[in-house]
Amino acid sequence: MTEAERQTVYERGTVMLYIGIDLGTSAVKLLLMNDEGEILNIVSREYPLEFPHPGWSQQRPEDWLAAVLDGVPALLEGFDKSQVAGIGAGGQMHGLVVLDEDDNVIRPAILWNDGRTAKEVDYLNNVIGEDKLSRYTANIAFAGFTAPKLLWMRENEPENFAKIRKIMLPKDYINYKLSGVHCTDVSDASGTLLFDVEHKRWSREMLDICGVDESQMAQIFESYEPVGTLLPDMAQRLGLPETVVIAAGAGDNAAAAVGTGTVGDGACNLSLGTSGTLFISSKTFGVDEFNSLHSFAHADGHYHLMACMLSAASCNKWLMEDIFQTGDYNGEQAPITRDRLGNNHVFFLPYLMGSAAPSTTPTPVAPSSA
């Protein structure tokens, strides 16, 4: 929509509606808001998570799409669908989604919390070398990143690997099905270990290492940029105008950071959910000298540093419910006063689902053990 068209809309007093898609690991959450930022409705749809082997975690991208297509009509029930102007998606990062020449999903998506790539991570960090990886991408290899998953697939599923024509991330699969544009944004691409974060382009060196061609990779956008509009068949299925703009969107942590105002230079947030994340925004590119922090492009057009723990508040849940056999979190923890914290000099490493920051050594554990 041009500025002139936008001005005409405001002059007519038309309210514009926007749909936000949060593609989580266990469910998709859909949000409807107006042009004043007021949240009008929220719905969610769950989908299954597969653990076919200890330490493996995967999902069917088709289930994500089905959940979105089922949830959007429910989200818009009672609202004027003709007022919907845009859709933006965010969600789980690092997952490997691969399509063949007919745009069919080749295999279930290998997710962010999948730990099958220990051998590949060791190869990247110790044979290719952390210095080279950092120079190519501003990061080193972790089990959850996308590049090790490609190496695993090349080694263990060569027939499937040979079929790959499009490589994308989870929320980009939704954008592709909605718009027909093979796209990604800089924040999500940063978590692939295939992306030159400083220059915001695919790393040719990393593509060569993983045996893929740039033609298989998505077109790169800033998070706030439009990538296209709704495909006619999708517009018809959802009952929406074909003029609905699809935004590039962002990885979940970058999107959440924008929501909390963690943008610009030197802002910081700490989020504790199933996993835990320390997020520091910056106007300039930078790399932690020990590579313990991820150096990623931010959804605000700049950069950020991030440290992640795969298990955070979930460790507390495990301790309370599985060990102490209680759901009374507050009661159980009441004796732990501030003056007692740290005085027993006992440290707990929260690696119930594998390690992450500050350790660079993957320690995959079956997710069910947490």
Side-chain angles (χ1 to χ4, degrees), residues 25 49-61 92-98 105-130 132-134 136-164 167-170 173 188-195 197 202-203 205-212 216-217 251 274-275 291-294 296 306-311 350-370:
T25 309
L49 184 62
E50 302 172 359
F51 304 115
H53 298 284
W56 290 26
S57 178
Q58 55 189 45
Q59 281 177 325
R60 298 178 68 251
Q92 53 170 298
M93 298 176 66
H94 312 303
L96 175 62
V97 181
V98 286
V105 175
I106 296 171
R107 67 159 345 274
I110 305 176
L111 301 189
W112 62 274
N113 58 350
D114 187 284
R116 75 185 70 184
T117 60
K119 177 182 174 182
E120 289 73 24
V121 170
D122 180 69
Y123 167 75
L124 288 168
N125 284 335
N126 297 312
V127 178
I128 299 300
E130 293 183 355
K132 284 185 178 179
L133 297 182
S134 185
Y136 298 156
T137 71
N139 295 279
I140 61 174
F142 286 84
F145 283 0
T146 315
K149 297 179 173 76
L150 279 168
L151 289 176
W152 181 91
M153 192 175 172
R154 185 174 69 176
E155 175 68 21
N156 295 277
E157 298 179 353
E159 292 184 1
N160 281 339
F161 187 84
K163 297 177 184 177
I164 297 175
I167 298 168
M168 59 187 70
L169 293 156
Y173 175 76
D188 219 356
S190 295
T192 62
L193 202 69
L194 298 165
F195 190 65
V197 173
W202 295 117
S203 166
E205 295 88 350
M206 289 305 302
L207 296 182
D208 289 343
I209 289 169
C210 293
V212 297
Q216 297 168 281
M217 306 305 295
T274 300
S275 61
N291 285 118
S292 293
L293 302 177
H294 305 324
F296 288 174
M306 185 171 68
C308 293
M309 285 284 186
L310 300 185
S311 300
Y351 296 160
L352 299 185
M353 293 179 66
S355 64
S359 170
T360 60
T361 303
T363 55
V365 180
S368 58
S369 68

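These numbers come from the heavy atoms of this one structure, side chains and all, not from hydrogens, waters or symmetry mates. Counting begins at 1 with the first residue of the sequence.
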Problem set entry | Minimal non-hydrogen separation, Thr117 against Ala143, with atom names | OG1-O, 3.0 Å
Exercise. Do you know the tightest heavy-atom contact between Lys132 and Ile128?
Worked result: CD-O, 3.3 Å
Problem set entry | Rounded distance (nearest 0.5 Å) linking atom NE2 of His294 with atom CE of Met93 | 8.5 Å
Problem set entry | Rounded distance (nearest 0.5 Å) linking atom CG of Leu111 with atom OG1 of Thr25 | 6.5 Å
Exercise. Closest heavy-atom contact between Pro170 and Gly95?
Worked result: CD-O, 3.4 Å
Seminar exercise, completed: Hits for side chain to side chain contact (heavy atoms under 4.5 Å, CB included) against Glu205, two or more places apart or cross-chain, chain-then-number order -> Tyr136, Ser203
Seminar exercise, completed: By ring pair (Phe, Tyr, Trp, His ring centres under 6.0 Å), Tyr173 pairs with (sequence neighbours left out) none
Exercise. Any luck finding a side-chain donor-acceptor pair between Trp202 and Thr192 under 3.5 Å?
Worked result: no
Exercise. Between Asp114 (side chain) and Ser57 (backbone), is there a donor-acceptor pair under 3.5 Å?
Worked result: yes
Exercise. What's the spacing between Met168 CE and Thr146 OG1 if we round to 0.5 Å?
Worked result: 12.5 Å
For this session: Supply the atom-to-atom distance Glu157 CD to Ile106 CD1, rounded to the nearest 0.5 angstrom.
Result: 10.0 Å
For this session: List the steps, then state whether side chain to side chain contact (heavy atoms under 4.5 Å, CB included) holds for Val98 with Met153.
Result: CA-CA 10 Å; Val98 286; Met153 192 175 172; 3.8 Å; yes
Exercise. Between Gln216 (side chain) and Ile164 (backbone), is there a donor-acceptor pair under 3.5 Å?
Worked result: yes
Seminar exercise, completed: Between Val97 and Ala109, the two heavy atoms sitting closest are CG2-CB, 3.9 Å
Problem set entry | Expected output: side-chain Ser134 to main-chain Ile140 donor-acceptor under 3.5 Å | no
Exercise. Which atom names give the shortest non-hydrogen contact between Ala138 and Asn291, and what distance separates them?
Worked result: O-ND2, 4.0 Å
For this session: Return the set of residues passing side chain to side chain contact (heavy atoms under 4.5 Å, CB included) with Pro52 (not counting sequence neighbours), or none when no residue passes.
Result: Glu50, Trp56, Gln58
Seminar exercise, completed: Rounded to the nearest 0.5 Å, the CG atom of Leu151 sits from the CG atom of Leu124 at a distance of 5.0 Å
For this session: Ignoring hydrogens and angles, tell me if any N or O in the side chain of Lys149 forms a donor-acceptor pair with the backbone of Phe145 under 3.5 Å.
Result: yes
For this session: Would you check, one step at a time, whether the test ring-ring contact (aromatic ring centres under 6.0 Å, His included) holds for Phe142 with His94?
Result: CA-CA 10 Å; Phe142 286 84; His94 312 303; 9.3 Å; no
Exercise. Has the side chain of Asn139 got a donor or acceptor atom that lies under 3.5 Å from a matching backbone atom of Leu193?
Worked result: no
Problem set entry | Rounded distance (nearest 0.5 Å) linking atom OG1 of Thr137 with atom CE of Met206 | 6.0 Å
Problem set entry | Leu352 to Ser311 - nearest heavy-atom pair and separation | CB-OG, 3.7 Å
